[in-house]
Protein chains: 2
Amino acid sequence: MWAVLTVVVVFEFTVGATLSKSINRGCATLIAGALGVGGHHLATTVGERGEAFVLGILVFILAAGATFLRFVPKIKARYDYGMVIFILTFCLVTVSGYRVEELVELAHQRLSTIIIGASTCMIISIFVCPVWAGADLHKLVASNIEKLANYLEGFEGEYFHSLKDKEKSKSLLQGYKSVLNSKAIEESLTNFARWEPGHGGFSLRHPWKQYMKIGVLVRECAYKIETLNTYLNPEIQASLEFKCKIQEPCTKMSSESNKALKAISSSMKTMTNPLAAKSHIENSKTAIEELKVALEVISLEDVELLAIIPVATVAAILEEITFSVEKIYDSVSELSHLAHFKSVEPNVSPEKPPLLHRGIIKPVVDIDNNAPHVEITIQDLCMESPEKARKDTLEILQS
Amino acid sequence: MWAVLTVVVVFEFTVGATLSKSINRGCATLIAGALGVGGHHLATTVGERGEAFVLGILVFILAAGATFLRFVPKIKARYDYGMVIFILTFCLVTVSGYRVEELVELAHQRLSTIIIGASTCMIISIFVCPVWAGADLHKLVASNIEKLANYLEGFEGEYFHSLKDKEKSKSLLQGYKSVLNSKAIEESLTNFARWEPGHGGFSLRHPWKQYMKIGVLVRECAYKIETLNTYLNPEIQASLEFKCKIQEPCTKMSSESNKALKAISSSMKTMTNPLAAKSHIENSKTAIEELKVALEVISLEDVELLAIIPVATVAAILEEITFSVEKIYDSVSELSHLAHFKSVEPNVSPEKPPLLHRGIIKPVVDIDNNAPHVEITIQDLCMESPEKARKDTLEILQS
């Protein structure tokens, strides 16, 4: 019957929680039982009059010590259950007043039933439909990153009206809210994941702590998104003209950050290294430079400062989000390194050499009126991306 | 001995947690015991062959039902412990195979020991050094609001260099971080607070749910502060000239929001209504209008857009924080209304009439060259605040 009771008490939803409870219970019972029997033996040697006194002091010291330890946060998180069982068993053994021989017999019985119950639980939770806390944590972090990516996609559609499907962008904008308060669940899953044996792609010594670090960065990014979200309020009056002028670099920043986050998330899901996100992050950095160039070019005459500030704020927050995404990338890279994720070469076409070296753009100085200009071979240029063409042309003109 | 065990298992840090566990344990044991005895009685009427069968089905249905209920989030939060004890006791009673008369005796014994143990716990936790979850929650929310206020004070000092004491402003800037992740602890305290009897200024039907609503708004404000915090980075190049131009309304916004938050927090601590914060909120709203006026006046020639954007972003986020503070105020007002906080008339001096009506400023139109100007009685003006003087003078000149 004790075995049945152990099963009821110990069984939990995830493997990690069940293991943590079983091991806590087993160890605590063993240690408390041994100490109890030892204490009893000690007390009987003192003689009948001192026995109760010695036992009382022992119970007081150990129970007070264990109760005090329960309030230390680190121990509370991992060994709380074990501490309770320890106090319980120790009191039970010492107070019960059995003779030592009976006690050893009792302890043997109790321990064997607990071992039967706990090992049944462990075997069932591991082999029948296991729910691994570690796998859950991994999925949770990856899906949190994806939620941020979805938000950026939705924001682009909603703010710059690039998405036709209003309903879709609305639904994309909601997901990030749950990321804001994900700390508690991530912490408890990390705690349970530590107890789990290797499973799936996760080894016994998987760097679960790194997930907490990624979680912190993901939440930081989510906080910025929360602030960004207030600027979707249609009541805020913003200059449409100014919005159009910086729309291109801003959409590029947000879409490249979005792609980078999606690449990071999918690399986590497939447990490969996130190198594919690298190029998107580079692109988003170029977009920041482009934004700066665009801002320098804009003439400030006939501009109302009051109307451009909300748009400028959105651009500034998008820039901050881009930096945040890079930090997330670095942190996930570290995880992929620590956990030996499969390395995958990103199949990105190597960057072509500048157009100048391929003769598509030729700098010319006209000797007659001394005006420098460039000659462009239109047919070849059409094969290039317009961005690259403009960038290279600008470079030549500046030099 | 069972009484001692109950004490060990049931005793918790806060009164609410102890009460919740005691009541859960007591009720669960009572119901499970009654059902167990009833089930046993039913099984014995069927006859010896069907007895095991009927008992097996009963255990299966009830244990499965209770286990399933444990996974419902709302029940998990409040009655998880009771459910475990229910399953345990029911199994114990039905499986044990005692005769019904013995069972009633056993149940009576168990129940009385549990009642003794649990009531000892309750009495000790309530009367000897009680730690009330409700009072803790109240203090936590009030101190969170104060932390936001401290941040705003520190930010003002750090960003506009108005505070001389660098160390002090650094320390003020750290507190808000803990607010970001306060959701989990607020939720658990709210859960426990529901179980507590009236204590201190809190009645039995104190609106604990309202604290969760305030908590959400406080966290929203903290997210904005987190974004604001990135702009303290000295690497971000900002135009000093532009900063000076909008410094006054910005400092006013942040210092009035700071004062409003401090007033709200101290009104919560003293359990009075937060009317004192009202005037500060009005002032911060005026500051927003002043900022708009200041922005309209600034000439945009010789201004680099790139250098003013970080400063403008700071101003925009401060504006958002001001709105957030107003929401917090509304929510705390609702709490003070629901919980019947003492009402205190704020001892704010009534606003003086405009300077025009008191003859301190006189509009004059010079007939010779038709130029309107104002005459100001300097001596009287010195008694006024410079802001009010400027505002009234401007009003007259505009009209």
Side-chain angles (χ1 to χ4, degrees), chain A residues 1 4-5 7-9 11 13 59 63 67 70-71 84 87-88 91-92 95-97 180-181 183-185 187-188 219-220 222-231 236 242 291-292 294-306 308-310 312-317 319-320 323-324, chain B residues 1 4-5 7-9 11 13 59 63 66-67 70-71 84 87-88 91-92 95-97 180-181 183-185 187-188 219-220 222-231 236 291-292 294-306 308-310 312-317 319-320 323-324:
Chain A
M1 204 183 67
V4 174
L5 291 190
V7 171
V8 173
V9 174
F11 214 71
F13 194 62
V59 168
T67 310
R70 275 184 72 196
F71 291 125
V84 174
I87 302 174
L88 258 174
C91 292
L92 199 86
V95 175
S96 60
L180 295 170
N181 292 308
K183 196 189 176 204
I185 183 152
E187 264 181 5
S188 77
R219 274 193 296 283
E220 261 172 28
Y223 298 150
K224 282 168 193 158
I225 282 180
E226 167 84 12
T227 315
L228 192 62
N229 199 35
T230 50
Y231 289 93
I236 294 174
F242 185 67
L291 174 68
K292 280 182 185 158
L295 286 176
E296 271 167 10
V297 171
I298 290 173
S299 81
L300 286 174
E301 281 161 33
D302 310 324
V303 167
E304 258 189 278
L305 197 50
L306 207 57
I308 69 169
I309 280 185
T313 306
V314 166
I317 297 173
E319 199 181 322
E320 289 296 326
F323 294 137
S324 241
Chain B
M1 203 185 67
V4 174
L5 291 189
V7 171
V8 173
V9 174
F11 214 71
F13 194 62
V59 168
T67 310
R70 275 184 71 195
F71 292 123
V84 173
I87 302 175
L88 257 174
C91 292
L92 199 84
V95 175
S96 61
L180 294 170
N181 291 309
K183 196 189 176 204
I185 183 150
E187 265 182 3
S188 79
R219 274 193 297 283
E220 259 172 30
Y223 299 150
K224 280 166 193 159
I225 282 180
E226 168 85 12
T227 315
L228 192 63
N229 199 34
T230 51
Y231 288 94
I236 294 173
L291 175 68
K292 281 183 184 157
L295 286 175
E296 270 167 11
V297 170
I298 290 173
S299 79
L300 285 172
E301 280 162 34
D302 309 325
V303 167
E304 258 189 275
L305 197 51
L306 207 56
I308 69 169
I309 281 184
T313 307
V314 166
I317 298 173
E319 198 182 321
E320 288 296 327
F323 294 137
S324 240

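Chain letters run A, B, ... following the sequence lines, proteins first, then strands; residues in each count from 1. Excluded from the calculations below are hydrogen atoms, water molecules and symmetry mates; all remaining heavy atoms, backbone and side chain alike, are included.
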Who are the salt bridge (charged side-chain N to carboxylate O under 4.0 Å, His left out) partners of B/Lys183, not counting sequence neighbours? B/Glu187
B/Thr227: side chain to side chain contact (heavy atoms under 4.5 Å, CB included) partners, not counting sequence neighbours: A/Lys224, A/Thr227, B/Ile317
Does any backbone or side-chain atom of B/Leu180 lie under 4.5 Å from a heavy atom of chain A? Answer side chain, backbone, both or neither. both
Under 4.5 Å to a heavy atom of chain A? For B/Phe323 that would be neither
Rounded to the nearest 0.5 Å, how far does CZ of B/Arg219 lie from OH of A/Tyr223? 9.5 Å
Ranked by heavy-atom pairs below 4.5 Å to chain A, first place among B/Ala184, B/Ala63, B/Ala312 goes to B/Ala312
Looking at every heavy atom in both B/Ile309 and A/Ala316, which two are closest together, and how far apart are they? CG2-CB, 4.1 Å
Could you check which of A/Asn181, A/Leu295, A/Ile185 has the highest count of heavy-atom pairs closer than 4.5 Å to chain B? A/Asn181
